[in-house]
S.K.: 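Here it is: the structure, laid out below.
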Number of protein chains: 2
Amino acid sequence: MVTQSEENYLKAIYHLGKQGSIAVSTNAIAEKMTTKASSVTEMLKKLAEKELVDYKKYQGVSLTKKGKTIAANVVRKHRLWEVFLVEKLKFSWDEVHDVAEQLEHIKSQKLIDELDAFLEFPTQDPHGDPIPDREGNLQKSQKIFLSQVNQSVNCSCVGVKDSSASFLKYLDKNSIALGTAIQVVNKEPFDESMNIKINDSELTISKEIANNIYVKLN
Amino acid sequence: MVTQSEENYLKAIYHLGKQGSIAVSTNAIAEKMTTKASSVTEMLKKLAEKELVDYKKYQGVSLTKKGKTIAANVVRKHRLWEVFLVEKLKFSWDEVHDVAEQLEHIKSQKLIDELDAFLEFPTQDPHGDPIPDREGNLQKSQKIFLSQVNQSVNCSCVGVKDSSASFLKYLDKNSIALGTAIQVVNKEPFDESMNIKINDSELTISKEIANNIYVKLN
DNA sequence: TTATATTTTTAGCCTTCCCTAAAAAAATAT
DNA sequence: ATATTTTTTTAGGGAAGGCTAAAAATATAA
């Protein structure tokens, strides 16, 4: 049996390990989980004992095959629940996270299989992140930053990088949501700001904003 | 903050306190929760400290207003999730309990309000038990035992008394489900067995079975 | 009513997961 | 290459929730 706390640690290591496949540091985990490094060390020993991570003192950790499967499954559940909350229960982008954080720990294979079917097998969550399949494989999404899109090109919003509540609120205010069609009207070389068209109305956005929005080309 | 464990104790006291409004005994709670009496005593002290129960050593406990509200809310969540599992995710009667037992502890007012609306404000769970409203009031259901129904009378199944997996399986096997129309064809005075008609096919059931099925008259 | 049985509580201990403070190892700077 | 800083681990402790065994209170029987 894997406890809720253990699942959270595995998930954190999973996310931190994604970019660059080097071992994850104790401090990085502590920061991500807003806990103390000493607590992390203790948990790493327990996870190593259970063969869910490879851990050598002072050398950081990485997930074993077994650990990775569990972590991917937690992420899968988290993202499926997010889809459920947005599509079926009228939650908005910035409200789903805390609840999904609780729901991801519910244990029932049938529940998650049926939920997946009920949602018609979604491949992305409301933030545009891919949903791992039953085996834990997640298809590489080919999203790029809006800032990388050339003038006159059409694309659609598939996600955000910074999913803080304040940024999500900005997007809502400007009618940018998952799936929203965006046309790049003009790119200003000087400050890298952009003019974009959304539903026929034009909007100017800064480099910082454009660097936080993921899109896919149409 | 009320912990998951505290919620479970409050719920147990709530259920045990229903029939007969005398105080609930330590042993009864221990049995219901499959734990030890000593653990119960310890928890009762904690709950009394938080003013969720009235507790006097050796005299049993009862819920305070505050405790009752929390307990009713847990029951409300449990039963709403059961409806969700059966109506939307194709769970059968005997599969919902364990999962609902986990889901009932998810904390989010919006979640439960939206779920309620999504399910179109059900008043009964799949076992025919009433769902408390937001204030914790639950309408008295007027269900009676099938054994109390007179000859030639039509009724429909609204619930069961013993919801053990084995009994639920018996019902499934004989095509008896929530909402199933039942006609009492004949009552045998000798052993109180009954002949009943379900979807035009006749079935003989013992007194024990008839005493476990709740119905409402048509 | 006194003895016996049952119920409930107390005392002491365990595990999980968190913490602080100090020690040890590794990384960085002079 | 040594000194300093940063990171990681160890040591020791706390709260929550469970356990067993023994003591105390209550209930039941003779």
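Chain letters run A, B, ... following the sequence lines, proteins first, then strands; residues in each count from 1.
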S.K.: Of all the choices, dT8(D), dT10(C), dG17(D), which nucleotide is nearest to the side chain of Ser25(A) once you look at every atom?
M.R.: dT8(D)
S.K.: Would Glu82(B) and Lys77(B) satisfy salt bridge (charged side-chain N to carboxylate O under 4.0 Å, His left out), going step by step from the backbone distance to the final call?
M.R.: CA-CA 9 Å; Glu82(B) 284 196 344; Lys77(B) 289 194 278 183; over 6 Å; no
S.K.: Which of these nucleotides, dT10(D), dG17(D), dT8(C), is closest to any side-chain atom of Thr3(B)?
M.R.: dG17(D)
S.K.: Is Tyr9(B) near enough to dG18(D) that one of its side-chain N or O atoms lies under 4.0 angstrom from OP1 or OP2?
M.R.: yes
S.K.: Is any side-chain nitrogen or oxygen of Asn27(B) closer than 4.0 Å to OP1 or OP2 of dT6(C)?
M.R.: no
S.K.: With both distances under 3.5 Å as the test, what is the Watson-Crick or G-U wobble partner of dA5(C)?
M.R.: dT26(D)
S.K.: Tell me the interatomic distance from Met1(A), atom CE, to dG18(D), atom P, rounded to whole angstroms.
M.R.: 14 Å
S.K.: If the cut-off is 4.0 Å, is Lys57(A) near the phosphate of dT10(D), judged by side-chain N/O to OP1 or OP2?
M.R.: yes
S.K.: Look at the side chain of Tyr58(B) and decide which nucleotide, out of dC17(C), dA24(D), dT20(C), has an atom nearest to it.
M.R.: dA24(D)
S.K.: Can you check the Met43(A) CE to dT16(C) C1' distance for me, whole Å?
M.R.: 8 Å
S.K.: Working note: Glu6(A) + Lys50(A), criterion salt bridge (charged side-chain N to carboxylate O under 4.0 Å, His left out); need CA distance, chi angles, decisive distance, verdict.
M.R.: CA-CA 11 Å; Glu6(A) 286 166 351; Lys50(A) 293 188 175 188; 3.0 Å; yes
S.K.: So does Ser38(A) reach the base of dT20(C) with its side chain, donor to acceptor, closer than 3.5 Å?
M.R.: yes
S.K.: Does the side chain of Ser5(B) get closer than 4.0 angstrom to OP1 or OP2 of dG18(D) through an N or O atom?
M.R.: yes
S.K.: Is Ser39(A) touching bases, backbone alone, or none of the nucleic acid, heavy atoms closer than 4.0 Å?
M.R.: base
S.K.: Between Leu44(B) and Gln59(A), which is nearer to the 5' end of DNA chain C once each is assigned its nearest nucleotide?
M.R.: Leu44(B)
S.K.: Between Tyr55(A) (OH) and dT7(D) (C1'), how many Å, whole number?
M.R.: 11 Å
S.K.: Can a side-chain donor-acceptor contact be found between Asn211(A) and Ser147(A) if the only test is distance below 3.5 angstrom?
M.R.: yes
S.K.: Just to confirm, is there a sub-4.0 Å distance from OP1 or OP2 of dC19(C) to any side-chain nitrogen or oxygen of Thr35(A)?
M.R.: yes
S.K.: Is any side-chain N of the basic residue among Arg134(A) and Asp116(A) closer than 4.0 Å to the acidic one's carboxylate O?
M.R.: yes
S.K.: How long is the line joining CD of Glu42(B) and P of dA11(C), in whole Å?
M.R.: 12 Å
S.K.: Kindly point out which of dT8(C), dC17(C), dT20(C) is positioned nearest to the side chain of Lys36(A)?
M.R.: dT20(C)
S.K.: Would you check, one step at a time, whether the test salt bridge (charged side-chain N to carboxylate O under 4.0 Å, His left out) holds for Lys11(A) with Glu104(A)?
M.R.: CA-CA 11 Å; Lys11(A) 189 180 55 155; Glu104(A) 73 188 6; 2.9 Å; yes
S.K.: How long is the line joining CD of Gln4(A) and P of dT15(C), in whole Å?
M.R.: 22 Å
S.K.: To the nearest Å, how far apart are Lys45(A) NZ and dT8(D) C1'?
M.R.: 11 Å
S.K.: Hydrogens and angles aside, do Glu95(A) and Ser92(A) bring a side-chain donor and acceptor to less than 3.5 Å of each other?
M.R.: yes
S.K.: Which whole-number value in Å describes the distance from Glu31(B) CD to dT7(C) C1'?
M.R.: 13 Å
S.K.: Distance check needed: dC18(C) C1' versus Lys46(A) NZ, whole Å only.
M.R.: 10 Å
